[in-house]
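Down below is the structure, laid out as structure tokens.
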Number of protein chains: 2
Amino acid sequence: MEKFGAGVYGDVPELFQDRNSVQSQVHQQHVASDIAYMAFEGGYKPALRRLDRGAFLYRPSDAFKCLYSIRCGFLKTSFGDVEGHDQVTGFHMSREILGLDGLGHQHHKHSAVALEDSEVYAISYAQLEKIGRSVPQVQQRMQEILVCEIARTHDMMLLLGSLHAQERLATFLINLSERFMLRGYSGSEFILRMTRQEIGSYIGLKLETVSRIFTRFHDKGLIDVRQKYISIIDLRGLKHILKPLH
Amino acid sequence: MEKFGAGVYGDVPELFQDRNSVQSQVHQQHVASDIAYMAFEGGYKPALRRLDRGAFLYRPSDAFKCLYSIRCGFLKTSFGDVEGHDQVTGFHMSREILGLDGLGHQHHKHSAVALEDSEVYAISYAQLEKIGRSVPQVQQRMQEILVCEIARTHDMMLLLGSLHAQERLATFLINLSERFMLRGYSGSEFILRMTRQEIGSYIGLKLETVSRIFTRFHDKGLIDVRQKYISIIDLRGLKHILKPLH
DNA sequence: CGATATATTGATTCGCATCAAATTTAGTGG
DNA sequence: CCACTAAATTTGATGCGAATCAATATATCG
């Protein structure tokens, strides 16, 4: 059980090469997450877990034991575990942290499902707490992650409470785009891993509405959309939808 | 500068007599907040700040320096500082913590206004961090507070994303009722400190709709409502609105 | 290749927003 | 304390945006 062995864990550090550049990025979703790396440096080896598309990372009935740092892939979290009839609480990609819903509870409150084949590091929360006691940066990082999640949900409250359908979907697309870009993927062309229904659930609309607005954006020349494939043609135009008056 | 002097700070401990009973209460809003007491025990004296009705505790332009534990009174937090044209993010009462929106930033992101004459303990965040390094319970408490806020906002996402106007208002009333009860006030009779407009902003409705639904609840015999005064007559009936089918 | 999810598109309904006016309450200065 | 003014609430009439219902088309998977 060597501390810095190769194999499954050998590539942990590589994952976090750009962690400093991310530091400054405040808005939306805990991109943080060198927490897995920190735990690693603290002498704890996060376990790698592979998930096939459709596989659950956890469900509400599961005991809360770990936080998860996404290595690659794409997941959704939602209230309830019935496929389709649930309220989506977030979509998550690499370097984001999952499992926060279990903090302070015995069991998870949400479920997390892989929307494409994914890999996550499972970090024992008990271990993380222990490391946190001696490494203040871990504590601090942990807090940053929580604060980012609060900021994200506050933004969602704003979106759900006061934006129109068009504005919601525009916000959603722009947010996705930015997050892909931050990860070195194209911000203007990407594949939607989730269904219209899941998008709708997340931003408080029905799937038909989501579909209609996609075609409306298409007709306005803002995006190109063919099922899961999205290409953002006029980002400025999309952003303009968010501020109707000037 | 005696550690446990009387006067403004003399009554800090009294405030937290029931802190253990609160421990177990998980849902909604960080009722936590013996954090002020903990800071006090850690040798730091939170400053008491009095606010007249209508006074701002902080605005987005203010530098983030402190967290605030409400001693008494009633506050609202919102995005933007223009009175009336803002999105309300929460209503807060005694023993809840304000100012979390400033964490990780130089300035506050929200504003906090007193909706009745209020008193809060201002806890220097720098001090709190310092104490936290030596007193693990403070760190832990801090984390609990953040986790509660996440839970609250997730619940709000659910409410804003999928509930009808009636369900939203019923949820709102029940939540208020429970929080008043927890504080030893009547859970069935209370005064609304906020306007219809502010309620609407919080739960994603217009003031007219809030007003209409109040009278609808009244007509159904669920509540008695006369402007700011609310009396919950049929709690079971109110709760029944939340689960239409069984 | 057939069977099952997922998307698109159309027709219609309904809930809430909007616009507008009347009523009540709170706040202010004489 | 009262008259006056501004703010908040209630209530009604109307319109719009998104939900719902329904049918077809397209993709995905065994």
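No hydrogens, no waters, no symmetry mates; every other heavy atom, side chains included, goes into these values. Note that the structure is predicted; figures quoted are calculated from it, not measured. Quick note on labels: first sequence line is chain A, next is B, and so on, each numbered from 1.
For the pair Glu96(A) and Arg152(A), the salt-bridge criterion is not met [side-chain N within less than 4.0 Å of a carboxylate O]. Between Glu119(B) and Arg49(B), none of the side-chain N atoms (NZ, or NE/NH1/NH2) sits under 4.0 Å from a carboxylate O, so this pair counts as no salt bridge.
With rounding to whole Å, Asp219(B) atom CG is found 8 Å from dT11(D) atom P. Following rounding to the nearest Å, Leu205(B) (CG) and dT9(D) (C1') show an atom-to-atom distance of 16 Å. Atoms CD (Glu198(B)) and C1' (dA7(D)) sit 12 Å apart, rounded to a whole Å. Counting to the nearest Å, the C1' atom of dA18(D) and the CD atom of Gln166(A) are 12 Å from each other. Between the CD1 atom of Ile230(A) and the C1' atom of dT8(C) there is a distance of 14 Å, rounded to whole Å. The CD1 atom of Ile199(A) sits 12 Å away from the P atom of dT6(C) (whole-angstrom rounding). The interatomic distance linking Met194(B) (CE) with dA8(D) (P) rounds to 14 Å, in whole Å. Taking atom CD1 of residue Ile213(B) and atom P of nucleotide dT11(D), one finds them 13 Å apart after rounding to whole Å.
A cation-pi arrangement, defined by a distance under 6.0 Å to the six-membered ring centre and an angle within 45 degrees of its axis, is present between Arg59(A) and Phe56(A).
Of the candidate nucleotides dT20(D), dA17(C), dT11(D), dT20(D) has the atom nearest to the side chain of Lys206(A). Here the side chain of Thr195(B) is nearest to one of dA8(D), dT10(D), dC29(D), namely dA8(D). For Glu208(B), the listed nucleotide lying nearest its side chain is dA20(C); candidates were dA20(C), dA7(C), dA18(D). Nearest to the side-chain atoms of His164(A) among the listed nucleotides dT10(D), dA18(D), dA7(C) stands dA18(D). For Leu207(B), taking side-chain heavy atoms from C-beta onward, the closest of the listed nucleotides dA18(D), dC19(C), dT9(D) is dT9(D).
Here CZ of Arg53(B) is found 8.5 Å from CZ of Arg193(B). Values are rounded to the nearest 0.5 Å. With values rounded to the nearest 0.5 angstrom, Leu169(B) atom CG is found 7.5 Å from Leu205(B) atom CG. Separating the CZ atom in Phe74(A) from the CE atom in Met93(A) is a distance of 4.5 Å, to the nearest 0.5 Å.
A heavy atom lying under 4.0 Å from DNA chain C marks the following residues of residues 221-228 of chain B, by number: Gln227(B).
No engagement by Arg216(B) is indicated, since no non-hydrogen atom pair under 4.0 Å with the nucleic acid exists. Base contact: Ser211(A) has a heavy atom under 4.0 Å from a base atom. Residue Gly200(A) is out of contact with every strand shown, counting any heavy-atom pair closer than 4.0 Å.
Environment of NZ in Lys239(B): sparse, with no more than 12 heavy atoms of neighbouring residues, nucleotides or ligands closer than 6.0 Å.
Between Tyr58(B) and His108(B), the gap from one ring centroid to the other is short of 6.0 Å. Taking the centre of each ring, His110(B) and Phe79(B) come in below the 6.0 Å mark.
A donor atom on one side chain and an acceptor atom on the other are not found under 3.5 Å apart for Lys65(B) and Gln106(B).
At least one side-chain nitrogen or oxygen of Arg53(A) sits closer than 4.0 Å to the OP1 or OP2 atom of dC29(D). An OP1 or OP2 oxygen of dA19(D) is reached within less than 4.0 angstrom by a side-chain nitrogen or oxygen of Thr209(A).
Nearest-nucleotide positions on DNA chain C for Arg196(A) and Gly204(B) put Arg196(A) closer to the 5' end.
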When you compare the protein's N or O atoms with those of nucleotides 11-14 of chain C, which come within less than 3.5 Å of each other, and at what distance?
unit_1: dA11(C); atom_1: N6; unit_2: Arg212(A); atom_2: NH2; d: 3.3

